Colleague: 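Below is one structure. I have some questions about it.
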Protein chains: 2
Amino acid sequence: MTTEPLSRARIVAAAIDLIEREGADAVSMRRIAAELGVGVMSLYNHVPNKDALLSGVAEAVMSGIEFTDDPDAHWSDRVRMQARAFRQIAHHYPRSTMLVVSRTLHSSAGLLPVERALATLRSAGFDGVDAVRMLRMFIAFIVGSLLREVGVTPSFAPPQPRSVDAEQVDETLFPHVSELAPLLGRCDHEAEFEFGVEMLISAIAAHPAREEGAR
Amino acid sequence: MTTEPLSRARIVAAAIDLIEREGADAVSMRRIAAELGVGVMSLYNHVPNKDALLSGVAEAVMSGIEFTDDPDAHWSDRVRMQARAFRQIAHHYPRSTMLVVSRTLHSSAGLLPVERALATLRSAGFDGVDAVRMLRMFIAFIVGSLLREVGVTPSFAPPQPRSVDAEQVDETLFPHVSELAPLLGRCDHEAEFEFGVEMLISAIAAHPAREEGAR
DNA sequence: TTGACGCACGTACACCGTACGTGCCAGCCT
DNA sequence: AGGCTGGCACGTACGGTGTACGTGCGTCAA
(Lines give C-alpha, C1' and ligand atoms only; values in the text may rest on other atoms or scores of the structure.)
Protein backbone atom coordinates (compact mmCIF):
# COMPACT_ATOMS: atom_id res chain seq x y z
CA MET A 1 0.00 0.00 0.00
CA THR A 2 1.71 3.12 -1.23
CA THR A 3 0.55 5.77 1.23
CA GLU A 4 0.86 8.91 -0.79
CA PRO A 5 2.13 11.71 1.45
CA LEU A 6 -0.45 13.98 2.95
CA SER A 7 -0.74 17.39 1.36
CA ARG A 8 -3.00 20.41 1.33
CA ALA A 9 -4.27 19.44 -2.12
CA ARG A 10 -5.18 15.91 -1.02
CA ILE A 11 -6.97 17.24 2.04
CA VAL A 12 -8.96 19.75 0.02
CA ALA A 13 -9.87 17.07 -2.51
CA ALA A 14 -11.09 14.78 0.25
CA ALA A 15 -13.15 17.62 1.69
CA ILE A 16 -14.81 18.32 -1.65
CA ASP A 17 -15.52 14.65 -2.11
CA LEU A 18 -17.08 14.43 1.32
CA ILE A 19 -19.19 17.55 0.81
CA GLU A 20 -20.59 16.25 -2.45
CA ARG A 21 -21.34 12.84 -1.02
CA GLU A 22 -22.81 13.76 2.35
CA GLY A 23 -23.34 17.51 2.43
CA ALA A 24 -21.50 20.37 4.05
CA ASP A 25 -22.76 19.48 7.52
CA ALA A 26 -20.89 16.19 7.39
CA VAL A 27 -17.55 17.97 7.09
CA SER A 28 -15.43 17.77 10.20
CA MET A 29 -11.71 17.50 10.68
CA ARG A 30 -12.15 14.07 12.22
CA ARG A 31 -14.28 12.87 9.32
CA ILE A 32 -11.83 14.10 6.71
CA ALA A 33 -8.93 12.54 8.54
CA ALA A 34 -10.76 9.24 8.70
CA GLU A 35 -11.51 9.48 5.00
CA LEU A 36 -7.79 9.85 4.32
CA GLY A 37 -6.84 7.18 6.83
CA VAL A 38 -4.74 9.54 8.96
CA GLY A 39 -4.90 11.02 12.43
CA VAL A 40 -6.88 14.18 12.98
CA MET A 41 -4.00 16.37 13.99
CA SER A 42 -1.95 15.45 10.97
CA LEU A 43 -4.21 17.71 8.94
CA TYR A 44 -2.97 20.71 10.86
CA ASN A 45 0.50 20.25 9.43
CA HIS A 46 -0.88 21.31 6.07
CA VAL A 47 -3.84 23.52 6.90
CA PRO A 48 -3.88 26.18 9.63
CA ASN A 49 -7.53 25.60 10.58
CA LYS A 50 -10.91 24.48 9.32
CA ASP A 51 -11.85 27.88 7.97
CA ALA A 52 -8.75 27.96 5.79
CA LEU A 53 -9.57 24.47 4.58
CA LEU A 54 -13.00 25.62 3.47
CA SER A 55 -11.41 28.57 1.73
CA GLY A 56 -9.24 26.05 -0.05
CA VAL A 57 -12.34 24.18 -1.11
CA ALA A 58 -13.92 27.35 -2.49
CA GLU A 59 -10.71 28.21 -4.30
CA ALA A 60 -10.38 24.76 -5.82
CA VAL A 61 -13.95 24.77 -7.04
CA MET A 62 -13.56 28.23 -8.51
CA SER A 63 -10.42 27.37 -10.40
CA GLY A 64 -12.13 24.32 -11.82
CA ILE A 65 -14.24 26.51 -14.07
CA GLU A 66 -13.55 25.73 -17.69
CA PHE A 67 -13.33 28.85 -19.76
CA THR A 68 -13.19 28.63 -23.51
CA ASP A 69 -13.05 32.29 -24.42
CA ASP A 70 -12.83 33.21 -28.07
CA PRO A 71 -11.67 36.84 -28.33
CA ASP A 72 -12.85 37.02 -31.93
CA ALA A 73 -16.44 36.08 -31.20
CA HIS A 74 -19.17 38.66 -30.81
CA TRP A 75 -19.14 40.09 -27.28
CA SER A 76 -22.66 38.84 -26.59
CA ASP A 77 -21.61 35.28 -27.36
CA ARG A 78 -18.61 35.64 -25.10
CA VAL A 79 -20.85 36.85 -22.27
CA ARG A 80 -23.16 33.89 -22.81
CA MET A 81 -20.26 31.46 -22.70
CA GLN A 82 -18.76 32.94 -19.57
CA ALA A 83 -22.08 32.94 -17.75
CA ARG A 84 -22.61 29.28 -18.64
CA ALA A 85 -19.11 28.41 -17.49
CA PHE A 86 -20.00 29.72 -14.06
CA ARG A 87 -23.19 27.77 -13.94
CA GLN A 88 -21.44 24.57 -14.85
CA ILE A 89 -19.74 24.44 -11.45
CA ALA A 90 -23.19 24.28 -9.89
CA HIS A 91 -23.60 21.02 -11.76
CA HIS A 92 -20.18 19.53 -11.09
CA TYR A 93 -20.13 20.53 -7.43
CA PRO A 94 -23.69 21.38 -6.43
CA ARG A 95 -23.19 21.23 -2.69
CA SER A 96 -19.81 22.92 -2.66
CA THR A 97 -21.23 25.77 -4.70
CA MET A 98 -23.19 26.95 -1.71
CA LEU A 99 -19.89 27.26 0.11
CA VAL A 100 -18.30 29.21 -2.71
CA VAL A 101 -21.01 31.83 -2.97
CA SER A 102 -21.65 32.29 0.73
CA ARG A 103 -18.01 32.79 1.62
CA THR A 104 -16.05 35.94 0.87
CA LEU A 105 -13.30 34.85 -1.45
CA HIS A 106 -10.07 36.61 -0.50
CA SER A 107 -7.74 34.67 -2.71
CA SER A 108 -6.99 35.48 -6.30
CA ALA A 109 -8.45 32.26 -7.65
CA GLY A 110 -11.39 34.21 -8.96
CA LEU A 111 -9.24 36.68 -10.82
CA LEU A 112 -9.09 35.03 -14.21
CA PRO A 113 -12.85 35.04 -14.71
CA VAL A 114 -12.87 38.71 -13.78
CA GLU A 115 -10.12 39.46 -16.28
CA ARG A 116 -11.96 37.66 -19.06
CA ALA A 117 -15.23 39.35 -18.24
CA LEU A 118 -13.70 42.81 -18.20
CA ALA A 119 -11.97 42.18 -21.51
CA THR A 120 -15.28 41.11 -23.00
CA LEU A 121 -17.13 44.14 -21.69
CA ARG A 122 -14.43 46.50 -22.92
CA SER A 123 -14.65 44.90 -26.34
CA ALA A 124 -18.39 45.55 -26.20
CA GLY A 125 -17.58 49.24 -26.09
CA PHE A 126 -17.70 50.18 -22.41
CA ASP A 127 -15.20 52.31 -20.55
CA GLY A 128 -13.69 51.04 -17.31
CA VAL A 129 -16.31 52.43 -14.97
CA ASP A 130 -19.23 50.95 -16.86
CA ALA A 131 -17.48 47.65 -17.47
CA VAL A 132 -17.07 47.20 -13.73
CA ARG A 133 -20.69 48.13 -13.12
CA MET A 134 -21.95 45.68 -15.72
CA LEU A 135 -19.72 42.96 -14.34
CA ARG A 136 -21.04 43.46 -10.84
CA MET A 137 -24.60 43.32 -12.04
CA PHE A 138 -23.88 40.10 -13.89
CA ILE A 139 -22.15 38.51 -10.94
CA ALA A 140 -25.04 39.41 -8.66
CA PHE A 141 -27.46 37.73 -11.03
CA ILE A 142 -25.32 34.65 -11.46
CA VAL A 143 -24.66 34.21 -7.76
CA GLY A 144 -28.32 34.66 -6.94
CA SER A 145 -29.32 32.14 -9.60
CA LEU A 146 -26.85 29.52 -8.45
CA LEU A 147 -27.88 30.01 -4.86
CA ARG A 148 -31.49 29.29 -5.76
CA GLU A 149 -30.51 26.34 -7.87
CA VAL A 150 -28.37 24.60 -5.28
CA GLY A 151 -30.46 25.76 -2.32
CA VAL A 152 -33.70 24.44 -3.66
CA THR A 153 -31.97 21.18 -4.47
CA PRO A 154 -30.11 20.21 -1.33
CA SER A 155 -28.99 16.94 -2.81
CA PHE A 156 -31.03 16.42 -5.94
CA ALA A 157 -32.81 13.98 -3.81
CA PRO A 158 -36.21 13.71 -2.26
CA PRO A 159 -39.09 15.19 -4.25
CA GLN A 160 -39.76 17.79 -1.61
CA PRO A 161 -43.24 19.22 -1.34
CA ARG A 162 -42.50 22.52 -3.00
CA SER A 163 -42.51 25.58 -0.79
CA VAL A 164 -45.67 26.88 -2.35
CA ASP A 165 -48.15 24.05 -2.42
CA ALA A 166 -51.24 25.10 -4.29
CA GLU A 167 -54.55 24.74 -2.46
CA GLN A 168 -53.08 25.70 0.86
CA VAL A 169 -52.43 29.38 0.14
CA ASP A 170 -55.28 31.71 0.92
CA GLU A 171 -56.47 32.84 -2.48
CA THR A 172 -58.25 35.91 -1.24
CA LEU A 173 -55.11 37.17 0.49
CA PHE A 174 -52.72 36.09 -2.26
CA PRO A 175 -54.69 35.95 -5.50
CA HIS A 176 -51.73 36.10 -7.86
CA VAL A 177 -49.69 33.61 -5.91
CA SER A 178 -52.48 31.10 -5.77
CA GLU A 179 -53.32 31.58 -9.44
CA LEU A 180 -49.71 31.05 -10.47
CA ALA A 181 -48.93 28.40 -7.87
CA PRO A 182 -48.31 25.67 -10.46
CA LEU A 183 -45.80 27.93 -12.20
CA LEU A 184 -44.12 28.97 -8.95
CA GLY A 185 -43.85 25.38 -7.87
CA ARG A 186 -41.95 24.19 -10.88
CA CYS A 187 -38.65 25.69 -12.01
CA ASP A 188 -36.52 24.79 -14.99
CA HIS A 189 -33.31 26.26 -13.68
CA GLU A 190 -31.48 26.10 -16.97
CA ALA A 191 -34.26 27.87 -18.84
CA GLU A 192 -34.60 30.54 -16.16
CA PHE A 193 -30.86 31.12 -16.20
CA GLU A 194 -30.72 31.44 -19.96
CA PHE A 195 -33.69 33.77 -19.91
CA GLY A 196 -32.03 36.03 -17.36
CA VAL A 197 -28.76 36.06 -19.28
CA GLU A 198 -30.55 37.07 -22.47
CA MET A 199 -32.38 39.84 -20.65
CA LEU A 200 -29.16 41.18 -19.23
CA ILE A 201 -27.41 40.99 -22.57
CA SER A 202 -30.15 42.93 -24.31
CA ALA A 203 -30.13 45.46 -21.49
CA ILE A 204 -26.38 45.83 -21.90
CA ALA A 205 -26.68 46.13 -25.66
CA ALA A 206 -29.19 48.94 -25.29
CA HIS A 207 -27.18 50.89 -22.73
CA PRO A 208 -26.38 54.39 -24.03
CA ALA A 209 -22.88 54.52 -22.54
CA ARG A 210 -21.76 51.82 -24.95
CA GLU A 211 -19.78 52.93 -27.95
CA GLU A 212 -20.97 51.13 -31.02
CA GLY A 213 -18.48 49.20 -33.09
CA ALA A 214 -18.37 46.02 -31.09
CA ARG A 215 -16.08 43.39 -32.41
CA MET B 1 -37.97 41.66 38.78
CA THR B 2 -40.78 40.76 36.47
CA THR B 3 -39.45 37.81 34.54
CA GLU B 4 -41.51 37.87 31.38
CA PRO B 5 -42.41 34.31 30.40
CA LEU B 6 -40.22 32.65 27.83
CA SER B 7 -41.68 32.37 24.36
CA ARG B 8 -40.63 31.53 20.84
CA ALA B 9 -40.80 35.18 19.89
CA ARG B 10 -38.52 36.25 22.76
CA ILE B 11 -36.04 33.51 21.88
CA VAL B 12 -35.96 34.50 18.21
CA ALA B 13 -35.54 38.15 19.14
CA ALA B 14 -32.61 37.29 21.40
CA ALA B 15 -31.05 35.25 18.62
CA ILE B 16 -31.31 38.12 16.14
CA ASP B 17 -29.84 40.48 18.68
CA LEU B 18 -26.94 38.14 19.31
CA ILE B 19 -26.30 37.60 15.61
CA GLU B 20 -26.16 41.32 14.93
CA ARG B 21 -23.88 41.98 17.88
CA GLU B 22 -21.43 39.10 17.58
CA GLY B 23 -22.05 37.35 14.28
CA ALA B 24 -23.75 34.13 13.31
CA ASP B 25 -20.89 32.01 14.64
CA ALA B 26 -21.55 33.23 18.16
CA VAL B 27 -25.04 31.75 18.14
CA SER B 28 -25.44 28.70 20.33
CA MET B 29 -28.31 27.46 22.40
CA ARG B 30 -26.26 27.94 25.55
CA ARG B 31 -25.38 31.50 24.58
CA ILE B 32 -28.96 32.45 23.82
CA ALA B 33 -30.17 30.92 27.06
CA ALA B 34 -27.56 32.87 29.00
CA GLU B 35 -28.61 36.05 27.19
CA LEU B 36 -32.18 35.46 28.36
CA GLY B 37 -31.11 34.40 31.83
CA VAL B 38 -32.65 30.95 31.60
CA GLY B 39 -31.44 27.38 31.47
CA VAL B 40 -30.43 25.90 28.15
CA MET B 41 -33.06 23.22 28.02
CA SER B 42 -35.88 25.65 28.67
CA LEU B 43 -35.49 26.83 25.11
CA TYR B 44 -36.56 23.43 23.84
CA ASN B 45 -40.02 23.92 25.31
CA HIS B 46 -40.62 26.57 22.66
CA VAL B 47 -38.37 25.57 19.78
CA PRO B 48 -37.90 22.02 18.52
CA ASN B 49 -34.23 22.45 17.64
CA LYS B 50 -31.59 24.94 16.59
CA ASP B 51 -32.37 24.67 12.91
CA ALA B 52 -35.99 25.60 13.51
CA LEU B 53 -34.81 28.53 15.60
CA LEU B 54 -32.72 29.80 12.71
CA SER B 55 -35.69 29.39 10.41
CA GLY B 56 -37.61 31.52 12.87
CA VAL B 57 -34.88 34.15 12.63
CA ALA B 58 -35.07 34.15 8.85
CA GLU B 59 -38.83 34.38 8.96
CA ALA B 60 -38.81 37.23 11.45
CA VAL B 61 -36.29 39.19 9.39
CA MET B 62 -38.26 38.61 6.21
CA SER B 63 -41.54 39.76 7.72
CA GLY B 64 -39.83 42.90 8.96
CA ILE B 65 -39.67 44.24 5.43
CA GLU B 66 -41.67 47.43 5.13
CA PHE B 67 -43.65 47.55 1.95
CA THR B 68 -45.39 50.71 0.93
CA ASP B 69 -46.91 49.61 -2.32
CA ASP B 70 -49.02 52.11 -4.25
CA PRO B 71 -51.12 50.22 -6.80
CA ASP B 72 -51.78 53.44 -8.70
CA ALA B 73 -48.13 54.30 -9.28
CA HIS B 74 -46.37 53.46 -12.52
CA TRP B 75 -45.21 49.86 -12.48
CA SER B 76 -41.55 50.85 -12.79
CA ASP B 77 -41.81 52.94 -9.64
CA ARG B 78 -43.44 50.07 -7.84
CA VAL B 79 -40.61 47.76 -8.87
CA ARG B 80 -38.07 50.29 -7.66
CA MET B 81 -39.78 50.59 -4.30
CA GLN B 82 -40.08 46.86 -3.78
CA ALA B 83 -36.45 46.27 -4.66
CA ARG B 84 -35.37 48.95 -2.18
CA ALA B 85 -37.59 47.46 0.50
CA PHE B 86 -35.66 44.22 0.17
CA ARG B 87 -32.36 45.96 0.40
CA GLN B 88 -33.34 47.79 3.53
CA ILE B 89 -33.23 44.57 5.54
CA ALA B 90 -29.57 44.29 4.64
CA HIS B 91 -29.12 47.55 6.51
CA HIS B 92 -31.28 46.79 9.51
CA TYR B 93 -29.99 43.24 9.93
CA PRO B 94 -26.78 42.94 7.95
CA ARG B 95 -25.52 39.78 9.57
CA SER B 96 -28.86 38.03 9.73
CA THR B 97 -29.36 38.71 6.05
CA MET B 98 -26.71 36.16 5.20
CA LEU B 99 -28.78 33.62 7.06
CA VAL B 100 -31.95 34.58 5.22
CA VAL B 101 -30.51 34.24 1.76
CA SER B 102 -28.46 31.12 2.34
CA ARG B 103 -31.31 29.16 3.89
CA THR B 104 -34.16 27.71 1.90
CA LEU B 105 -37.24 29.41 3.24
CA HIS B 106 -40.07 26.90 3.59
CA SER B 107 -42.48 29.06 5.49
CA SER B 108 -44.92 31.44 3.93
CA ALA B 109 -43.37 34.53 5.47
CA GLY B 110 -41.95 35.44 2.09
CA LEU B 111 -45.29 35.16 0.37
CA LEU B 112 -46.48 38.72 0.66
CA PRO B 113 -43.50 40.19 -1.22
CA VAL B 114 -44.09 37.63 -3.96
CA GLU B 115 -47.76 38.55 -4.18
CA ARG B 116 -46.94 42.25 -4.47
CA ALA B 117 -44.26 41.65 -7.06
CA LEU B 118 -46.50 39.48 -9.22
CA ALA B 119 -49.28 42.07 -9.04
CA THR B 120 -46.85 44.73 -10.15
CA LEU B 121 -45.53 42.69 -13.05
CA ARG B 122 -49.03 41.78 -14.19
CA SER B 123 -49.92 45.45 -14.13
CA ALA B 124 -46.88 46.06 -16.29
CA GLY B 125 -48.52 43.95 -18.95
CA PHE B 126 -47.04 40.48 -18.55
CA ASP B 127 -48.90 37.22 -18.53
CA GLY B 128 -48.39 34.75 -15.73
CA VAL B 129 -45.49 32.85 -17.26
CA ASP B 130 -43.45 35.95 -17.99
CA ALA B 131 -44.30 37.58 -14.68
CA VAL B 132 -42.85 34.59 -12.85
CA ARG B 133 -39.76 34.65 -15.05
CA MET B 134 -39.18 38.34 -14.46
CA LEU B 135 -39.70 37.91 -10.76
CA ARG B 136 -37.15 35.13 -10.58
CA MET B 137 -34.62 37.19 -12.46
CA PHE B 138 -35.16 40.10 -10.10
CA ILE B 139 -34.88 37.94 -7.01
CA ALA B 140 -31.65 36.43 -8.28
CA PHE B 141 -30.18 39.88 -8.78
CA ILE B 142 -31.34 41.15 -5.40
CA VAL B 143 -30.13 38.10 -3.51
CA GLY B 144 -26.77 38.24 -5.25
CA SER B 145 -26.42 41.93 -4.51
CA LEU B 146 -27.28 41.59 -0.85
CA LEU B 147 -24.94 38.66 -0.52
CA ARG B 148 -22.07 40.73 -1.83
CA GLU B 149 -23.02 43.67 0.35
CA VAL B 150 -23.20 41.76 3.61
CA GLY B 151 -20.42 39.35 2.71
CA VAL B 152 -17.89 41.99 1.91
CA THR B 153 -18.78 43.71 5.15
CA PRO B 154 -18.62 40.98 7.76
CA SER B 155 -19.27 43.44 10.56
CA PHE B 156 -18.77 46.87 9.07
CA ALA B 157 -15.58 46.67 10.96
CA PRO B 158 -11.93 46.50 10.13
CA PRO B 159 -10.84 48.30 6.98
CA GLN B 160 -9.89 45.07 5.34
CA PRO B 161 -7.23 45.16 2.67
CA ARG B 162 -9.57 44.79 -0.25
CA SER B 163 -9.43 41.48 -2.07
CA VAL B 164 -7.85 43.05 -5.11
CA ASP B 165 -4.98 45.20 -3.90
CA ALA B 166 -3.47 47.12 -6.76
CA GLU B 167 0.27 46.67 -7.33
CA GLN B 168 0.23 43.05 -6.32
CA VAL B 169 -1.67 41.69 -9.30
CA ASP B 170 0.45 40.67 -12.25
CA GLU B 171 -0.38 43.27 -14.87
CA THR B 172 0.87 41.21 -17.79
CA LEU B 173 -1.39 38.32 -16.85
CA PHE B 174 -4.34 40.45 -15.82
CA PRO B 175 -4.09 43.75 -17.69
CA HIS B 176 -7.69 44.80 -17.27
CA VAL B 177 -7.89 43.83 -13.65
CA SER B 178 -4.73 45.72 -12.77
CA GLU B 179 -5.81 48.77 -14.77
CA LEU B 180 -9.19 48.87 -13.06
CA ALA B 181 -7.94 47.79 -9.65
CA PRO B 182 -8.89 51.09 -7.99
CA LEU B 183 -12.43 50.72 -9.31
CA LEU B 184 -12.69 47.07 -8.31
CA GLY B 185 -11.41 47.84 -4.84
CA ARG B 186 -14.06 50.37 -4.02
CA CYS B 187 -17.78 49.66 -4.19
CA ASP B 188 -20.68 51.98 -3.48
CA HIS B 189 -23.22 49.28 -2.81
CA GLU B 190 -26.21 51.58 -2.97
CA ALA B 191 -25.19 53.05 -6.31
CA GLU B 192 -24.44 49.62 -7.77
CA PHE B 193 -27.78 48.33 -6.57
CA GLU B 194 -29.70 51.25 -8.06
CA PHE B 195 -27.80 50.88 -11.29
CA GLY B 196 -28.68 47.22 -11.55
CA VAL B 197 -32.33 47.86 -10.76
CA GLU B 198 -32.53 50.51 -13.48
CA MET B 199 -30.92 48.15 -15.97
CA LEU B 200 -33.40 45.43 -15.16
CA ILE B 201 -36.33 47.81 -15.35
CA SER B 202 -35.32 49.04 -18.76
CA ALA B 203 -34.76 45.47 -19.89
CA ILE B 204 -38.23 44.58 -18.67
CA ALA B 205 -39.76 47.63 -20.31
CA ALA B 206 -38.24 46.65 -23.63
CA HIS B 207 -39.33 43.02 -23.48
CA PRO B 208 -41.55 42.18 -26.46
CA ALA B 209 -43.89 39.90 -24.50
CA ARG B 210 -45.18 42.90 -22.59
CA GLU B 211 -48.53 44.29 -23.64
CA GLU B 212 -48.36 48.05 -23.73
CA GLY B 213 -50.88 50.01 -21.73
CA ALA B 214 -49.18 49.87 -18.35
CA ARG B 215 -50.99 51.59 -15.59
C1' DT C 1 27.91 10.59 13.81
C1' DT C 2 25.08 13.94 15.35
C1' DG C 3 22.05 17.52 15.19
C1' DA C 4 17.93 19.64 13.57
C1' DC C 5 13.85 19.65 11.52
C1' DG C 6 9.36 17.99 9.34
C1' DC C 7 5.50 15.59 10.03
C1' DA C 8 2.18 11.88 11.89
C1' DC C 9 -0.06 11.06 15.93
C1' DG C 10 -2.42 10.84 20.86
C1' DT C 11 -4.18 13.23 24.60
C1' DA C 12 -6.79 16.85 26.59
C1' DC C 13 -9.93 20.78 26.97
C1' DA C 14 -13.63 23.76 26.14
C1' DC C 15 -17.67 24.02 23.79
C1' DC C 16 -21.53 22.34 21.07
C1' DG C 17 -26.72 20.24 20.26
C1' DT C 18 -29.95 17.73 22.55
C1' DA C 19 -32.23 13.17 24.87
C1' DC C 20 -33.96 12.32 29.17
C1' DG C 21 -35.55 12.73 33.94
C1' DT C 22 -37.12 15.69 37.88
C1' DG C 23 -39.72 18.89 40.36
C1' DC C 24 -42.65 22.97 40.73
C1' DC C 25 -46.89 25.19 40.02
C1' DA C 26 -51.46 26.47 37.89
C1' DG C 27 -55.81 24.96 36.45
C1' DC C 28 -59.49 21.68 35.98
C1' DC C 29 -62.52 17.77 37.36
C1' DT C 30 -64.88 15.56 40.78
C1' DA D 1 -61.54 20.95 48.97
C1' DG D 2 -58.73 17.44 47.26
C1' DG D 3 -56.43 15.31 43.80
C1' DC D 4 -54.82 14.87 39.29
C1' DT D 5 -52.80 16.40 35.15
C1' DG D 6 -50.18 18.91 32.06
C1' DG D 7 -47.01 22.64 30.95
C1' DC D 8 -42.68 24.43 31.66
C1' DA D 9 -37.98 25.55 33.85
C1' DC D 10 -34.06 23.19 34.84
C1' DG D 11 -29.80 19.77 35.66
C1' DT D 12 -27.29 16.02 34.13
C1' DA D 13 -25.17 13.37 30.69
C1' DC D 14 -23.57 11.71 26.07
C1' DG D 15 -21.50 11.89 21.81
C1' DG D 16 -19.81 15.09 18.83
C1' DT D 17 -16.80 19.37 17.46
C1' DG D 18 -12.17 22.45 16.62
C1' DT D 19 -7.68 22.70 18.01
C1' DA D 20 -3.47 23.63 21.56
C1' DC D 21 0.22 21.02 22.99
C1' DG D 22 3.62 17.34 23.64
C1' DT D 23 5.94 13.14 21.77
C1' DG D 24 8.35 10.21 18.84
C1' DC D 25 10.04 8.78 14.44
C1' DG D 26 12.15 9.55 9.82
C1' DT D 27 15.25 11.83 6.86
C1' DC D 28 18.48 14.89 5.45
C1' DA D 29 22.83 18.49 6.53
C1' DA D 30 26.92 19.34 8.69
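Quick note on labels: first sequence line is chain A, next is B, and so on, each numbered from 1. Predicted, not measured: the structure shown is a model, and the values here were computed from it.
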Colleague: Just the rounded figure in Å: distance from P of C/dC7 to CZ of A/Arg10.
Modeller: 14 Å
Colleague: Closer than 4.0 angstrom, basic N to acidic O: yes or no for A/Asp17 and A/Arg10?
Modeller: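 Salt bridge absent between A/Asp17 and A/Arg10.
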Colleague: Give, ordered by number, those residues of residues 12-27 of chain B having at least one heavy-atom distance below 4.0 Å to an atom of DNA chain D; if nothing qualifies, reply none.
Modeller: none
Colleague: Are any side-chain N or O atoms of B/Glu115 and backbone N or O atoms of A/His176, one a donor and one an acceptor, separated by less than 3.5 Å?
Modeller: yes
Colleague: Please determine if A/Glu35 and A/Arg30 form a salt bridge, counting it only when a charged side-chain N lies under 4.0 Å from a carboxylate O.
Modeller: no
Colleague: Using a strict cut-off of less than 4.0 Å between a Lys/Arg side-chain nitrogen and an Asp/Glu carboxylate oxygen, indicate whether A/Arg87 and A/Glu194 qualify as a salt bridge.
Modeller: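 No, no charged N to carboxylate O under 4.0 Å.
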Colleague: Relative to each other, are the rings of A/Phe67 and A/Phe86 parallel, tilted or perpendicular (30° and 60° limits)?
Modeller: perpendicular
Colleague: Is B/Glu22 salt-bridged to B/Arg95, cutoff N-O under 4.0 Å?
Modeller: no
Colleague: Among residues 36-51 of chain B, which residues get a heavy atom nearer than 4.0 Å to DNA chain C?
Modeller: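 Under 4.0 Å from DNA chain C: B/Val40, B/Met41, B/Tyr44, B/Asn49, B/Lys50.
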Colleague: Look at A/Asp70 together with A/Arg78 and state whether they make a salt bridge at an N to O cut-off of under 4.0 Å.
Modeller: no
Colleague: If you round to the nearest 0.5 Å, how far is OG of A/Ser28 from CG of A/Leu18?
Modeller: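 Interatomic distance, A/Leu18 CG to A/Ser28 OG, rounded to 0.5 Å: 8.0 Å.
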Colleague: Would you call B/Glu192 and B/Arg186 a salt bridge, taking side-chain N to carboxylate O under 4.0 Å as the test?
Modeller: no
Colleague: Is the backbone of A/Asp130 close enough, under 3.5 Å, to the side chain of A/Asp127 for a donor and an acceptor to pair up by distance?
Modeller: yes
Colleague: Quick check for you: name the first and last nucleotides of DNA chain D, 5' to 3', having an atom under 4.0 Å from a heavy atom of chain A.
Modeller: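 Endpoints of the contacted stretch of DNA chain D: D/dT17 to D/dC21.
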Colleague: Please give, in whole Å, the distance from C/dG17 C1' to B/Arg30 CZ?
Modeller: 7 Å
